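Worksheet for the structure shown next.
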Amino acid sequence: RAHKSLVITDMRATLHKGTVTSKNAQLFFSDTGELTYAHIPLQFHDVFVSWQKDLTGVLSGGVTATLHQGEWRIQGAVTIDKAHLQNNLLSSKVQHDLLHAKRTALGNVINLNIRLSTHSPLMVKTPFFEALCHMSGQIQGTAAHPRASGTIEIEKGSFAFPYRPLYITRGKLTLSEQQPDDPAIELVAKNTLKKHSVTMQVAGSLQAPKISFEAAPHLTEENILTLLLSGAEGGSFSAAVPAIVMMNIESLLFGTGENLTKAQQFFKTLLKPLKNVRILPGGVDADGKGLQGAIEVDINDRLRAKAQNNLDLSQETQVEVEYVISDDMSVKAVRDDKGSLGGELEMRWKF
């Protein structure tokens, strides 16, 4: 029966980038030439891969492919030495597409049991979201219907909101076999904006996320969104369209493709005139006789000027110039509506 078997020893294939080797691959054939059994151990080192043009990486590891009774089984361990994803990792559509790129009839008879982990962090970069992530998990099921489980932990990253970014302090995606296309998410991102410590929390799952914002000293969620989008502490231009603003925030966090582009264009159009100079809506003036308005200018990251008056110009313009010494200390020069000059030193203590 020697003529019905094929044994390959010390095979080495050099790819465009990386190598694949096999010490002892065995294949057996029937009288008609049909492959009936195979045992193919493979080791690969620094192999470059590209998946759907958005994901590129270098892999190492070892797997064994076995054919028995008409079914293939591939098992082993794969390490992602380095990788770069140019799409939104937080998009459930992106994760689904990565696992279900192609389905063929042959895929139904290829069973998988592969451990997957990262050696160096996976780099994720989109115009709004950047992160370094570590992944550890397992891919089972079939090649046509893979089931992924495990965790993706965000080592560090940020969301580039128009005024200031929020930096990720904790981030974790948990993939389970029960919800293969809808990972659970835990995410916290923070930054200090205009003396307010702003926190964004995301919980739930990628298909049903729950987003909340908090600030200390306290701001309403509406005011926090205004602060993140335009840098304005007072007023709330989002008050007229809170649902639309929040919908586009969700698209920035979890969208991809057309939805992400539309959200970016929405905020670009909304905020273009407010990049450094902002017109702030106000309330009724101190006498209760007229409406107030203000113009705020960011000269740089620490120096800000603000001019405020009632709309009928019956009072002198109030002017404030503020210099931020640190997150907890600032000095302010003020001219009030009566023309008097003054100064303030503001300090905050944390207990």
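The structure displayed is predicted, hence computed values, not measured ones. Basis for what follows: all heavy atoms, side chains included, without hydrogens, waters or symmetry-related copies.
Met123 and Leu173 end up in different hydrophobic clusters when Ile, Leu, Val, Met, Phe, Trp and Tyr side chains are linked at under 4.5 Å. Leu6 is connected to Leu67 through a chain of hydrophobic side-chain contacts under 4.5 Å among Ile, Leu, Val, Met, Phe, Trp and Tyr, so both are in one cluster. Residues Ile185 and Leu132 are members of separate hydrophobic clusters, defined by side-chain heavy-atom contacts under 4.5 angstrom among Ile, Leu, Val, Met, Phe, Trp and Tyr. Residues Val124 and Tyr167 do not share a hydrophobic cluster, defined by chaining ILVMFWY side chains whose heavy atoms lie under 4.5 Å apart. At a threshold of 4.5 Å between side-chain heavy atoms, the hydrophobic network of Ile, Leu, Val, Met, Phe, Trp and Tyr places Val7 and Val20 in two separate groups.
Only one option out of Thr169, Ile168, Leu166 pairs with Val188 in a side-chain contact (heavy atoms from CB on, under 4.5 Å); it is Thr169.
With rounding to the nearest 0.5 Å, the separation of CG in Leu116 from OG in Ser149 is 10.5 Å. Between the CD atom of Gln26 and the OG1 atom of Thr9 there is a distance of 10.5 Å, given to the nearest 0.5 Å. Taking OG1 of Thr142 as the reference point, atom CD of Glu71 lies at 10.0 Å (rounded to 0.5 Å). Taken from OG1 in Thr64 to CZ in Arg73, the straight-line distance is 11.0 Å, to the nearest 0.5 Å. Atoms CG and NE2, on Leu219 and His196 in that order, are 4.5 Å from each other to the nearest 0.5 Å. One finds the CD atom of Glu153 at 5.0 Å from the NZ atom of Lys172 (value rounded to the nearest 0.5 Å).
Residues Thr174 and Pro183 fail the side-chain proximity criterion, which asks for heavy atoms closer than 4.5 Å. With contacts defined as side-chain heavy-atom distances shorter than 4.5 Å, the pair Glu214/Gln201 qualifies. At least one side-chain heavy atom of Phe159 sits under 4.5 Å from a side-chain heavy atom of Leu187. For the pair Asn113 and Gln140, the minimum side-chain heavy-atom distance is below 4.5 Å. In this structure, Ile224 and Leu228 have side chains that are in contact, with non-hydrogen atoms separated by less than 4.5 Å.
Formation of a donor-acceptor pair under 3.5 Å by the Asp182 side chain with backbone atoms of Gln207 is found in this model. No donor-acceptor distance shorter than 3.5 angstrom exists from the side chain of Thr118 to the backbone of Pro121, with no hydrogens or angles considered.
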Just list the side-chain donor-acceptor pairs under 3.5 Å for residues 32-48, sequence neighbours left out, or say none.
from  : atom 1 : to    : atom 2 : distance (Å)
Thr32 : OG1    : Ser30 : OG     : 2.9
Thr36 : OG1    : Phe28 : O      : 3.2

Can you give each donor-acceptor pair under 3.5 Å made by side-chain atoms of residues 75-85, sequence neighbours left out, with the distance rounded to 0.1 Å?
from  : atom 1 : to    : atom 2 : distance (Å)
Asp81 : OD2    : Ser60 : OG     : 2.6

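Annotation for His134 and His119: closest pair CE1-O, 4.2 Å, computed over non-hydrogen atoms. Asn191 approaches Pro165 most closely through the heavy-atom pair ND2-O, 2.7 Å. Shortest non-hydrogen contact noted between Pro146 and Ile139 is CB-CG2, 4.0 Å. Residues Phe128 and Phe161 approach most closely at CE1-N, 3.7 Å, considering heavy atoms.
Residue pairs meeting the side-chain hydrogen bond (donor to acceptor under 3.5 Å, both in side chains) criterion with at least one partner in residues 13-25, sequence neighbours excluded, are absent.
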